[in-house]
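Please read the structure below before turning to the comments.
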Amino acid sequence: MNYDKHGVLEMAPLEYGADRPKAANPIKINDVSLRDGHQSLFATRGRTEDMLPVAEMIDNAGYNAVETWGGATFDTMHRFLAEDPWERLRTLKKHMPKTPFSMLLRGQNVVGYRNYADDVVKAFVQRSIDNGMDIFRCFDALNDYRNFETAAQVIKDNGKHFQGVVCYTLNQPRLGGDVYNMDYYINKVKDLVEFGVDSICIKDMAGLIAPYDIYNLIREIKKFTDIPLNLHTHFTSGMADLAIFKAIEAGVDIVDTCIGPYAYRTSHAAVEPLIMSLLGTNRDSGMDINKITAIADEMEKYIPKYKHLDNNPKYATTDINVLLHQTPGGMLSNLVNQLKAMNALDKLPEVFRLLPKVRKDLGNIPLVTPTSQIVGVQTVNNVLFDSYEGEYAQITKEVKDLCYGLYGKTTDPINPEVQKKALKDYPRGEEPITVRPGSILEPEMDAVKEEFKDFTQDIDDEVLCALYPVTGKRFLKWKYGKEEVPAEFQAKTMEQVEKEEELVRKALSGELTSKGNGGATRELEVKVDGEVFTVEINDPNAAGAAAPRARRAKGGAKEVEATGSLLAPIPGMIVEFKKKVGEEVKAGETVVVLEAMKMMNNLDAAVDGVVTEIKFDSGDSVAKGDVLMVIEPKEA
């Protein structure tokens, strides 16, 4: 029987064995479970100890590459998991020596949220290579490829693989319109070809790509280049499986997937159905499904540790609304969490309404880290603090940097009124730049080495502090035993998970009752399916049990606001106090830098006066309304 061709896909003899003949044009598959999988589903909280049991199995599964590092992992590991990011790379490499490692690199942003100086970029890339990285998937949030130049040179000099990225975004539900249309993406791909990349990735971070749009795009690209093409798309909208299949029919060379337990929802399509569906075609992957299912079974053993991090309130596994509001899953969860922390979740519809307007004001930029955070946080600020629409009463440092040109060239021009307001008294000047951002940034590494010499022991420590000075220093205190790792940053054990599940089971069955015998007890609130159960457990050790770790504050927080006191307008982390006790300040002068949703907010003094008290330390978390600093006003 003769079958139709499906683009470049043709039918072939159907065989099931692991030793079946190699297909004529096999699709290459990357696994991204160990980086983007848990980043998408569990807020990047996956721990190295839970990757090691499957590491060798994945190494022997026949993947083209395994994404093990980069993106948000570097930040999250040292900030929330008390793990050394460099050590994960080295450890996984020992257990997975055969399959090339891939990482997500944010160009001049490295693995942070701003553009760093060239010497920081060079040091990071070189140490990544020295520690075991093979393939660098390098993207720029503005698709401004000048921000690749420094990193690319180091990668090429070391003979490693440089994959250039086109960030896929839209202004409407499907490909088209005046900006993000077929011509835009074709021209961006041609720019990458001219740049000299080893392969090209179409990176769809929000799950926006429709099946026929990617089919047509791949076919057009294949007309002018044979550089390998890699499709990276999330399942958020529910179209990822369909898009991957049409891309395979169009001739894409590589696709990204996750292993079942780390797949779907806001993550990626699962590899298992893809392997089975391509059997009997010229694009059969050649992978053994039995090896994959064995990996999935092993992964399932450790998934219960992370279930509490899945904050999706919906039963549905897809969200087609992403095509309507253009908000990537990670950005959406950040917005929700920020509004929850401020008791302002009712403002979410207004945030959605203003997001497109703020995005347009800021140059119609793609929404991917860090620009998604920049647009998202500024929108939240506008909703919460503006007295009229478009006021931009509280502009983040990152928006000011964007308006100055420190992130690169925006897709469209920035709203001139917003730009003028953002650059008023901007330290670098009020006239935006047009050159490559990295070319005007002063070297940073020498200053970092001097500032952190009492905490660092090698170049990897120094690079960590260059990228994350506040949380990096805190981590190094944990790493070298200068401070004990707080309980909330320690790994959860399976025994703890089993006890929690047993507690929930007993709460639901009514087995938990308060005995109230006057002995030492511990009262717990158990929330199950939205219903709260308050349970009192007899515990002879409760009197000696450690209380939950509170935010550190010198003299207390949320006290009655005094004249001149500076309160936290939003929850976040103290990055820096610009003034010390006893120093004079002027009204409008920046005195505190507060990080919220990875963005920096400069907080200004409301009065002229003298700092009489500072309530917190750098690195402390604060809630909305906490008194950060007391300023004694000058007498009139």
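We use all heavy atoms of the structure for the numbers below, so side chains are in, but hydrogens, waters and symmetry mates are not.
Remark: the Ser439 side chain and the Arg146 side chain contain no N/O donor-acceptor pair separated by less than 3.5 Å. Judged purely by distance below 3.5 Å, without hydrogens or angles, the side chains of Asn321 and Asp319 pair a donor atom with an acceptor atom. The closest side-chain donor-acceptor pair between His78 and Thr471 falls under 3.5 angstrom. For Asp118 and Gln108, the side-chain atoms include at least one donor-acceptor pair closer than 3.5 Å.
Between Glu389 and Leu354 there is a side-chain heavy-atom pair separated by less than 4.5 Å. Side-chain contact between Val591 and Val611 is absent, with no heavy atoms from C-beta onward closer than 4.5 Å. The shortest side-chain heavy-atom distance between Ile202 and Ile209 falls under the 4.5 Å cut-off. Looking at Glu462 and Phe452, their side chains never come closer than 4.5 Å, going by heavy atoms from C-beta outward. For the pair Thr169 and Val368, the minimum side-chain heavy-atom distance is 4.5 Å or more. Using a 4.5 Å cut-off on side-chain heavy atoms (C-beta onward), Met445 and Val463 make contact. For the pair Leu104 and Asp36, the minimum side-chain heavy-atom distance is 4.5 Å or more. Using a 4.5 Å heavy-atom cutoff, the side chains of Leu628 and Phe616 are in contact.
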Take Leu362 and Thr371 through the side chain to side chain contact (heavy atoms under 4.5 Å, CB included) test and state the conclusion after the steps. CA-CA 10 Å; Leu362 298 182; Thr371 52; over 6 Å; no
Decide yes or no on side chain to side chain contact (heavy atoms under 4.5 Å, CB included) for Tyr407 and Ile374, but give the supporting numbers first. CA-CA 11 Å; Tyr407 284 93; Ile374 292 173; 3.7 Å; yes
Could you check His232 against His234 for side chain to side chain contact (heavy atoms under 4.5 Å, CB included), going step by step and ending with a plain yes or no? CA-CA 7 Å; His232 171 100; His234 287 248; 3.3 Å; yes
Are Asn364 and Arg359 close enough, and set up right, to give a side chain to side chain contact (heavy atoms under 4.5 Å, CB included), and what steps lead you there? CA-CA 5 Å; Asn364 200 13; Arg359 184 188 186 190; 4.0 Å; yes
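Shown here are the ring-ring contact (aromatic ring centres under 6.0 Å, His included) partners of Tyr180, two or more places apart in sequence or in another chain: Tyr184. For Phe235, the ring-ring contact (aromatic ring centres under 6.0 Å, His included) partners two or more places apart in sequence, or in a different chain, are Tyr264. Not counting sequence neighbours, the partners of Glu450 by the salt bridge (Lys or Arg N to Asp or Glu O under 4.0 Å) test are Lys453.
Summarising the local packing, NZ of Lys409 is surrounded by 12 or fewer heavy atoms from other residues, nucleotides or ligands at distances under 6.0 Å. No more than 12 heavy-atom neighbours from other residues, nucleotides or ligands sit within 6.0 angstrom of CG on Asp178. The neighbour count for Lys492 NZ, taken as heavy atoms of other residues, nucleotides or ligands under 6.0 Å away, is above 12. Applying the 6.0 Å contact sphere to CD of Glu584 captures no more than 12 heavy atoms from other residues, nucleotides or ligands. Other residues, nucleotides and ligands place no more than 12 heavy atoms under 6.0 Å from the NZ atom of Lys420. Around the CD atom of Glu417, the shell of radius 6.0 Å holds no more than 12 heavy atoms that belong to other residues, nucleotides or ligands.
Under 4.0 Å is where a charged nitrogen must lie from a carboxylate oxygen, and between Lys397 and Asp401 at least one such pair does. Salt-bridge annotation for Asp256 and Arg137: present, with a side-chain N of the basic residue lying under 4.0 Å from a carboxylate O of the acidic one. With salt bridges taken as basic N to acidic carboxylate O contacts below 4.0 Å, one links Glu613 and Lys615.
Between Phe489 and Arg79, the shortest heavy-atom contact is CE2-O, 3.3 Å. For the pair Thr233 and Ala240, the tightest heavy-atom approach, listed with the atom from each and the gap, is CG2-CB, 4.0 Å. Shown here for Leu142 and Pro366, the closest heavy-atom pair between the two residues is CA-CD, 4.2 Å. Nearest heavy atoms, Arg174 versus Ala210: NE-CB, 3.3 Å. For the pair Arg47 and Leu81, the tightest heavy-atom approach, listed with the atom from each and the gap, is NH1-O, 3.0 Å. Across all non-hydrogen atoms, the minimal contact from Gly405 to Pro437 is O-CG, 3.4 Å.
With Glu398 contributing its side chain and Met600 its backbone, the two residues share a donor-acceptor pair below 3.5 Å. Distance alone, capped at 3.5 Å, places no donor-acceptor pair between the Asp75 side chain and the Ala72 backbone. Between the side chain of Asn115 and the main chain of Leu406, a donor-acceptor pair closer than 3.5 Å is present. The backbone N or O of Ala568 sits nowhere less than 3.5 Å from a side-chain atom of Asp626 that would complete a donor-acceptor pair. Using modelled atom types, no side-chain atom of Asn602 and backbone atom of Thr590 make a donor-acceptor pair closer than 3.5 Å. In terms of modelled atom types and a separation under 3.5 Å, the side chain of Asn143 and the main chain of Cys167 share a donor-acceptor contact.
A cation-pi geometry, defined here as NZ or CZ lying under 6.0 Å from the six-membered ring centre and within 45° of its normal, does not hold between Lys421 and Tyr392. A cation-pi arrangement is not found for Lys479 relative to Phe455, the charged atom failing to lie both closer than 6.0 Å to the ring centre and inside a 45° cone about the ring normal. Taking the ring centre of Tyr306 as origin, the terminal cationic atom of Arg45 falls outside the region bounded by 6.0 Å and 45° from the ring axis.
Atom-to-atom distance recorded for Leu323:CG and Ser237:OG is 5.0 Å, nearest 0.5 angstrom. Separation of atoms CZ (Arg114) and CZ (Arg106) is listed at 13.5 Å; rounding is to 0.5 Å.
In summary, the aromatic rings of Trp69 and Phe124 are positioned with their centroids under 6.0 Å apart.
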